[in-house]
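See structure below.
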Number of protein chains: 2
Amino acid sequence: MSNITLRDIAKALNISVSTVSRALNDSHEIGEETKKFVLAYATKHNYIPNRMARSLKVGKTRSIGVVICAMDNSFVAQMLDSIDQICTQSGYQIIIMQSKESYEQEKACINLLYANGVDGIMISPSFQTTDFSHLKELQLQGFPIVLFDRITAELDVHKVTVNNIKGAFEATTHLISSGHTRIAHLSSISTLGMTHERFEGYKQALAKHQVPYEEELVRFCNTADPQKIDENVAKAMKELLEQKPQAIFTATDLLSTKVLAYLNEHSYKIPEDISLIGFSNSDLAPILNPPLSTVRQPSRQIGEIAATTIINLVKGKDIGPAETIFLDTELQIRKSSSR
Amino acid sequence: MSNITLRDIAKALNISVSTVSRALNDSHEIGEETKKFVLAYATKHNYIPNRMARSLKVGKTRSIGVVICAMDNSFVAQMLDSIDQICTQSGYQIIIMQSKESYEQEKACINLLYANGVDGIMISPSFQTTDFSHLKELQLQGFPIVLFDRITAELDVHKVTVNNIKGAFEATTHLISSGHTRIAHLSSISTLGMTHERFEGYKQALAKHQVPYEEELVRFCNTADPQKIDENVAKAMKELLEQKPQAIFTATDLLSTKVLAYLNEHSYKIPEDISLIGFSNSDLAPILNPPLSTVRQPSRQIGEIAATTIINLVKGKDIGPAETIFLDTELQIRKSSSR
DNA sequence: TTGTAAGCGTTATCAC
DNA sequence: GTGATAACGCTTACAA
């Protein structure tokens, strides 16, 4: 596994570099014998083409940048896994970057990816991001961008996400049908559509079933700073619990498990004292204490569709004008919201 | 954010390309005014150096390849997160590749990373890997390699892992002190040291406390094929349960939660009917049903030390001969193993 | 202090 | 069918 180059092969075989290059790229203008000859030597000496040289020359790297908030989150990890699978299959490589919910870091990621010459970027913006000009500039240049999971109307690009309104509506409706009327909603602070939509679905369900909406039963807490999440969640929960809710609907993976932990710690019996349902993609939901009712997002499908889309884009395929794909969530009722 | 190059800047400023290059690299042989002049123009026009060109020239990419089995696993994700943090801090980029517990895919990953010109590779080998020649070749060339989490004696490189024997010994001892004598052990099939060591720790604890070792209480099941894991675990559990164990000690994250799920499904009361403790790094362990006693690995520390080591290596620092760092695991006793 | 030119390993455009 | 040669964008002797 040494640094053997096209030139080395050419020299050894007494042919020209271009012939070697063409032979290895299976060009039609090369004789069959020569091809075999070259290929044999190349494989024998474990020739590995230098991607950087190739990229520099052709202006394409066969790599896709993927920007997410953090990878140590089961939902994100699932999406990443499927994205990686699709890209690897298609001969593309992914470069994963974490924004850590920071706008500044997100911009840095984009720049780095751009410097790396990625052929396209898939991004799930940070909760802090309100200004999308860093992406807009790229988009206007015709640079392939796909938004997945977290989307924004600010960008006219292909997007893949879930039907948040519907998911939240179903979860809330389920709580109402279980006989609850005092239903709290806990979400993350962000300007992303996701947050609004889940809140909207919650309100729509209340309205539809003539359950009065009460502002005191809703809290948005800051989940961007990992150091302070527990503190912020605790504060929000304390305030919510003072309102004596019968049930809680949490809007993100993180919040759902944090709230479950909080309630357990404070000796609330779920679902006897209080019911709980939340967005979550943890595979452990069925074995939580109690088994957690969840709104599950089709993480792998989101990743697959988004990855397929970006690959089509970087390949220059005409896949029509930018459109948003909404996938359905799945309501998984378990003990935490059953009586 | 357009593709402006050194040449563009040089032309616009009527100076040579090399001057621009040196100015932007803050070379000492460039006048202060020129530097400012160039830098101003560069930032104004949003110059982003082409990493590929630079890499091709200098033969270094400032990137590190990271090979792991799968990233949708909380323990792995935690390590990746800390690795990413350290590398980003040091101006290195990581390229993550998944072996999916396949030896073939692992080799493909290494080749791809090598083609990408990564400056070094951090790897946690797949359970299937028994032949390490693909890595040995690199190592003999002096290519920087660091093994983390899963290690092997086959390679003379820096390694970072945990003290598996001790961790398993403590877990088993804990079960024994709780009054159990029929303690089952469930692990993954692999030739990696980890598997042997945890088994060894289990046996040492039994021996130390004069608990007879029984082969029927030990199973190694194939966890490499994600499609068949549930099936394989179920089969192993069925066999183990026939032996009426009082407690089970599971050797990996995956097995620990799978076994918990299996026992719940089959209506075993934990810890009344059977106690459970297992290696696991899930943040959800405290809120599982019941809260799961775990042997927790210092995932972030493993990642940090391994990343720091590889960076020192690629920077050419002399950090002495290859050595293995063993970190201690942490025993977290929760309800699943308490009476 | 700045400029010239060669070269990293490929691919593409010419010729032959 | 095959071979020279230029070029991708950058760094770096070597000159000036």
Side-chain angles (χ1 to χ4, degrees), chain A residues 1-39 41-42 45-63 91 93 111-112 114-119, chain B residues 1-39 41-42 45-63 91 111-119:
Chain A
M1 193 180 270
S2 36
N3 290 310
I4 147 170
T5 73
L6 286 187
R7 182 146 51 217
D8 297 332
I9 302 183
K11 210 171 283 175
L13 265 43
N14 247 316
I15 52 180
S16 81
V17 178
S18 36
T19 304
V20 178
S21 170
R22 280 185 280 235
L24 293 176
N25 285 317
D26 204 24
S27 162
H28 51 275
E29 47 182 359
I30 294 287
E32 277 309 317
E33 329 86 63
T34 340
K35 272 188 196 170
K36 272 184 197 144
F37 187 49
V38 174
L39 200 67
Y41 187 91
H45 291 77
N46 210 330
Y47 167 70
I48 300 180
N50 184 315
R51 275 177 75 123
M52 281 167 306
R54 185 180 189 287
S55 300
L56 181 59
K57 183 63 193 169
V58 304
K60 296 262 172 261
T61 54
R62 290 192 79 83
S63 65
Q93 203 175 89
N111 278 345
L112 242 173
Y114 195 77
N116 264 280
V118 292
D119 297 343
Chain B
M1 195 181 270
S2 37
N3 290 310
I4 147 171
T5 72
L6 285 188
R7 183 148 49 218
D8 297 331
I9 302 184
K11 209 170 285 175
L13 266 42
N14 249 316
I15 51 179
S16 81
V17 179
S18 44
T19 305
V20 179
S21 169
R22 281 186 277 235
L24 292 176
N25 286 320
D26 204 24
S27 162
H28 51 275
E29 47 184 356
I30 294 288
E32 277 309 317
E33 330 87 62
T34 343
K35 271 188 196 170
K36 272 183 197 148
F37 186 49
V38 173
L39 200 67
Y41 186 91
H45 292 75
N46 211 328
Y47 168 70
I48 300 180
N50 184 317
R51 275 179 74 122
M52 282 165 307
R54 187 179 189 288
S55 300
L56 182 59
K57 181 64 195 170
V58 304
K60 296 261 171 262
T61 54
R62 290 190 80 81
S63 66
N111 277 346
L112 243 172
L113 289 172
Y114 194 77
N116 265 280
V118 292
D119 297 342

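All chains are named by letter (A, B, ...) in the order of the sequence lines, taking the proteins before the strands, and each is independently numbered beginning at 1.
- Here D:dT2 presents its P atom at 10 Å from CD of A:Glu32, a figure rounded to the nearest Å.
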Review point. Can A:Leu6 and A:Leu24 be said to form a side-chain contact (heavy atoms from CB on, under 4.5 Å), step by step?
Key: CA-CA 9 Å; A:Leu6 286 187; A:Leu24 293 176; 3.8 Å; yes
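- Looking only at side-chain heavy atoms (C-beta outward), B:Asn50 and A:Leu56 come within less than 4.5 Å of each other.
- Looking only at side-chain heavy atoms (C-beta outward), A:Thr19 and A:Leu13 stay at 4.5 Å or farther from each other.
- For the pair B:Asn116 CG and C:dG9 C1', the computed distance is 14 Å after rounding to whole Å.
- A heavy-atom distance below 4.5 Å is not found between the side chains of A:Lys57 and A:Arg54.
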Check your understanding: Do B:Val17 and B:Val20 pass the side-chain contact (heavy atoms from CB on, under 4.5 Å) test, and can you show the C-alpha distance, the side-chain angles, and the key distance before you say yes or no?
Key -> CA-CA 5 Å; B:Val17 179; B:Val20 179; 5.6 Å; no
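- Between the P atom of D:dG1 and the CD1 atom of A:Ile30 lies a distance of 9 Å, rounded to the nearest Å.
- Across all strands shown, A:Ser55 has no heavy atoms under 4.0 Å from either base or sugar-phosphate atoms.
- In this structure the side chain of B:Val38 never reaches within 4.5 angstrom of the side chain of B:Ile30, judged on heavy atoms.
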Study note, to complete from the structure: Nucleotide by nucleotide, nucleotides 6-16 of chain D touches protein heavy atoms under 4.0 Å in the pattern (B base, S sugar-phosphate only, - none) -BBBBBBB---
